[in-house]
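Down below is the structure, laid out as structure tokens.
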Amino acid sequence: MISKLIDVAMGRTLADIIIKDGTVFDVFNHTFIKADVVISNGKIVALGSGYSAKETIDATDKYVIPSFIDAHVHIESSLLTPSEYAKIVIPKGVTTVIADPHEITNVLGEKGISYMFDSAKGVPLDVEYMLPSCVPCTPFEHSGSVIDANLTRELLSKYNFLGLAEMMNFVGVINNDSDVIEKLSTGAFVDGHAPLLTANELCAYICGGIQTDHECSTSGEALEKISRGMNILVREGTGAKNIQQLIKAVTPYNLNRFAFCTDDKHIADIVADGTILHCIKKAISCGLSLEDALTMATINPAKIYNLKGKGAIAPNYVADLIVCDKSLDSLHLVLKDGAIVSKDGVPSFNGKSISIQEVSNTVRVKKVSPQDFQLEFTKGMPVIETMKDSLITRKVYPSSADGLSICAVVERHKATGNIGKAFIKNIDIKDGAIAQTIGHDSHNITVLGDNPIDMSIAVDSLGSNGGICIVHNGKVISYMELEVAGLMSNKPYLEVLAMDKDIVEKIKVISKDGSSSILMLLSFLSLVVIPEVKLNDRGLFDVIEWKYM
């Protein structure tokens with residue numbers, strides 16, 4: 001192989017492909033150059049001119065850029081299986097993702113992990129999985145599975161994981177919880193999750209060997225974490241949008257510490273805007289240069305995660321690249337390992353269908369009634385206030401129930417009958433309810449409504465496979481079954497897209513601000529590691545005080 005690449009680079013042997021007369025992004029010199037890109041055996045062998053090849057691609061007046069890397073994503077949040085997810089991100093320029101399958105792992109443990117690996121095989125998307133480090137995310141959670149330190153070591157040796165996924169249990173880290181410390185002592189690369197962590201606690205957290213964070217919400221927070229040696233993954237998903245604030249922290253001196261990620265993004269948003277492509281365009285609109293944005297989307301995540309041979313167009317790098325208009329509006333070709341995998345926005349490959357028998361029928365709940373969702377308002381009681389484009393919530397004490405909705409979390413793994421309830425501010429529901437089996441990270445049922453009858457109907461209608469259900473005035477007006485762990489559909493992405501569109505349209509019937517962001521926000525109301533206050537199946541939880549209220 002090496003000899004052949006050298007012969008092609010020297011012009012002694014015919015190349016497989018030449019991308020000719022394009023303007024190539026030179027990530028190392030931070031500029032664009034005119035050059036032909038010569039490809040052989042899936043690798044870039046030369047940049048230059050005068051070469052011959054079996055196939056020539058004309059890139060006149062076009063950019064040739066490295067394909068994109070999503071530095072942190074939960075594929076499950078797209079509502080698609082990995083093989084179908086590949087069909088919607090590859091045409092938008094992504095050929096590598098650093099994926100954390102902790103959604104399905106919290107539901108099914110190793111069965112979920114095995115399914116995700118199998119589903120990603122055979123598609124031209126490099127899915128680099130991280131082993132979920134927090135299953136469940138805290139000792140206060142009721143998930144469908146538990147992965148302790150001993151099982152962590154076993155799974156790291158059994159599967160080809162890139163490292164340990166986001167360590168959300170920051171309290172366990174800074175207080176030297178024995179199981180958490182044992183996980184951190186495996187020697188694996190460790191991703192972080194440390195919203196608003198600062199000063200001594202931040203330093204203690206980093207001493208656990210944690211190298212990244214994707215939960216920064218202000219430029220000051222990002223700068224402090226960079227000064228302590230962390231890499232910052234700038235997130236722009238469906239529910240959390242941080243680019244506008246965090247781009248202010250990027251300088252020529254710390255650019256190499258930043259990469260883009262999406263974390264959680266719905267199918268409709270991906271199809272409409274892409275993932276990392278959307279990050280690039282938004283960052284540019286916020287004042288970042290094209291060169292800086294492309295650097296954050298390509299070579300930076302490759303370096304952070306030690307993905308050798310990725311992130312650049314240079315000899316001996318993998319031929320993962322894009323031929324596109326200089327506006328980035330049209331990605332004409334996406335190549336993976338030197339083969340065309342998308343042309344003019346259409347994937348050039350088929351997905352892979354595998355059995356879902358081991359990952360379906362995962363919803364087990366006790367029969368609910370309207371009485372289970374009764375909640376009386378008392379002046380001065382704590383209420384969860386949501387914030388626009390953020391997963392951070394506030395603890396407020398309103399004087400009346402005006403404008404409040406009822407939220408409940410129903411345990412769905414072992415039919416314990418646990419139901420936690422609270423009032424929510426800033427998600428207005430009228431004459432209806434939304435219920436879903438998506439509730440980070442333990443993925444119990446989360447239901448939101450303005451009356452107990454509709455809430456009860458919505459929960460009942462989820463069935464044994466789970467999904468998303470919308471109820472209006474006592475009737476189910478939309479239901480999307482998510483037969484894979486109650487998180488993903490096993491259907492082709494176009495069918496899922498149509499179902500998702502119907503769900504979002506029906507949300508507008510019961511909410512004046514109805515959109516897919518409500519679904520994403522609803523799914524995070526139970527994540528008790530994001531400040532300030534959250535709700536799980538045991539009740540209202542104060543994240544700052546680390547105790548139930």
Side-chain angles (χ1 to χ4, degrees), residues 15-20 22 24-25 37-45 53-59 62-71 73 75 78 80-99 116-129 260 262 265 267 270-280 294 297-298 301-302 307 309-314 317-325 328-354 492-494 496-497:
D16 293 332
I17 298 172
I18 292 178
I19 301 176
K20 197 170 183 62
V24 179
F25 180 53
V37 180
V38 185
I39 299 170
S40 185
N41 285 80
K43 283 196 168 185
I44 299 162
V45 296
K54 301 171 188 175
E55 180 183 354
T56 299
I57 296 172
D58 183 10
K62 294 180 176 63
Y63 279 154
V64 183
I65 60 178
S67 58
F68 310 138
I69 300 171
D70 193 329
V73 63
I75 292 173
S78 70
L80 299 173
T81 61
S83 61
E84 288 297 309
Y85 176 80
K87 290 183 183 179
I88 64 171
V89 297
I90 287 175
K92 301 292 186 180
V94 172
T95 58
T96 301
V97 297
I98 313 299
M116 294 299 276
F117 270 95
D118 287 345
S119 181
K121 290 177 182 176
V123 294
L125 176 70
D126 287 339
V127 182
E128 302 286 354
Y129 283 117
F260 290 121
T262 53
K265 196 161 187 178
I267 176 175
I270 298 173
V271 171
D273 303 318
T275 53
I276 302 306
L277 179 61
H278 176 67
C279 292
I280 293 168
L294 289 176
T298 58
L307 303 176
K310 289 191 177 184
I313 298 177
Y317 274 71
V318 177
D320 293 354
L321 45 83
I322 300 165
V323 178
C324 61
D325 285 355
L328 303 186
D329 287 335
S330 297
L331 307 190
H332 298 293
L333 297 175
V334 179
L335 282 76
K336 177 77 187 75
D337 297 319
I340 295 173
V341 292
S342 174
K343 186 173 183 179
D344 294 325
V346 179
S348 306
F349 60 94
N350 295 317
K352 177 184 176 184
S353 179
I354 63 174
Y493 80 92
L494 288 174
V496 181
L497 184 63

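Keep in mind the model is a prediction, meaning the values are calculated, not measured.
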Roughly how far, to the nearest 0.5 Å, is the [atom2] atom of [Y] from the [atom1] atom of [X]?
{"X": "Ile88", "Y": "Ile267", "atom1": "CD1", "atom2": "CD1", "value": "5.0 Å"}
{"X": "Leu321", "Y": "Tyr63", "atom1": "CG", "atom2": "OH", "value": "16.0 Å"}
{"X": "Leu494", "Y": "Glu84", "atom1": "CG", "atom2": "CD", "value": "8.5 Å"}
{"X": "Tyr85", "Y": "Thr275", "atom1": "OH", "atom2": "OG1", "value": "5.0 Å"}
{"X": "Glu55", "Y": "Asp16", "atom1": "CD", "atom2": "CG", "value": "9.0 Å"}

For residues Tyr129 and Phe117, establish whether the separation of their ring centroids is below 6.0 Å. yes

Is any side-chain heavy atom of [X] closer than 4.5 Å to a side-chain heavy atom of [Y]?
{"X": "Val64", "Y": "Ile313", "answer": "yes"}
{"X": "Ser342", "Y": "Ile90", "answer": "yes"}
{"X": "Ile65", "Y": "Cys324", "answer": "yes"}
{"X": "Ser78", "Y": "Lys265", "answer": "no"}
{"X": "Ile69", "Y": "Ile276", "answer": "no"}

Residues that Thr298 engages under side chain to side chain donor-acceptor pair (under 3.5 Å), provided they are two or more places apart: none

Please list, chain by chain and in numerical order, all residues satisfying side chain to side chain donor-acceptor pair (under 3.5 Å) with Asp329, sequence neighbours excluded. Lys281, Ser327

Shortest non-hydrogen contact from [X] toward [Y]:
{"X": "Lys92", "Y": "Ile270", "value": "CE-O, 3.8 Å"}
{"X": "Ile39", "Y": "Ala15", "value": "O-CB, 3.7 Å"}
{"X": "Val341", "Y": "Lys336", "value": "CG1-CB, 3.8 Å"}
{"X": "Phe25", "Y": "Pro66", "value": "CD2-CD, 4.1 Å"}
{"X": "Leu331", "Y": "Gly93", "value": "CD1-N, 3.6 Å"}
{"X": "Ser348", "Y": "Ile340", "value": "CB-O, 3.9 Å"}

Quick check on side chain to side chain contact (heavy atoms under 4.5 Å, CB included): which of Thr96, Ile322, Val334 does Phe68 satisfy it with? Ile322

Decide yes or no on side-chain contact (heavy atoms from CB on, under 4.5 Å) for Val73 and Val89, but give the supporting numbers first. CA-CA 12 Å; Val73 63; Val89 297; over 6 Å; no

Under 3.5 Å donor-acceptor, Ser330 side chain and Asp325 backbone: no

Kindly indicate, with the supporting measurements, whether the criterion side-chain contact (heavy atoms from CB on, under 4.5 Å) is fulfilled by Asp337 and Val318. CA-CA 6 Å; Asp337 297 319; Val318 177; 3.1 Å; yes

Does a side-chain N-to-carboxylate-O contact under 4.0 Å join Lys20 and Asp58? no

Carboxylate-amine/guanidinium proximity below 4.0 Å for Lys310 and Asp126: yes

Run the side-chain contact (heavy atoms from CB on, under 4.5 Å) check on Ile19 and Val24 step by step: do they pass? CA-CA 10 Å; Ile19 301 176; Val24 179; over 6 Å; no

If the condition is salt bridge (Lys or Arg N to Asp or Glu O under 4.0 Å), which residues does Lys121 pass it with, not counting sequence neighbours? Asp118

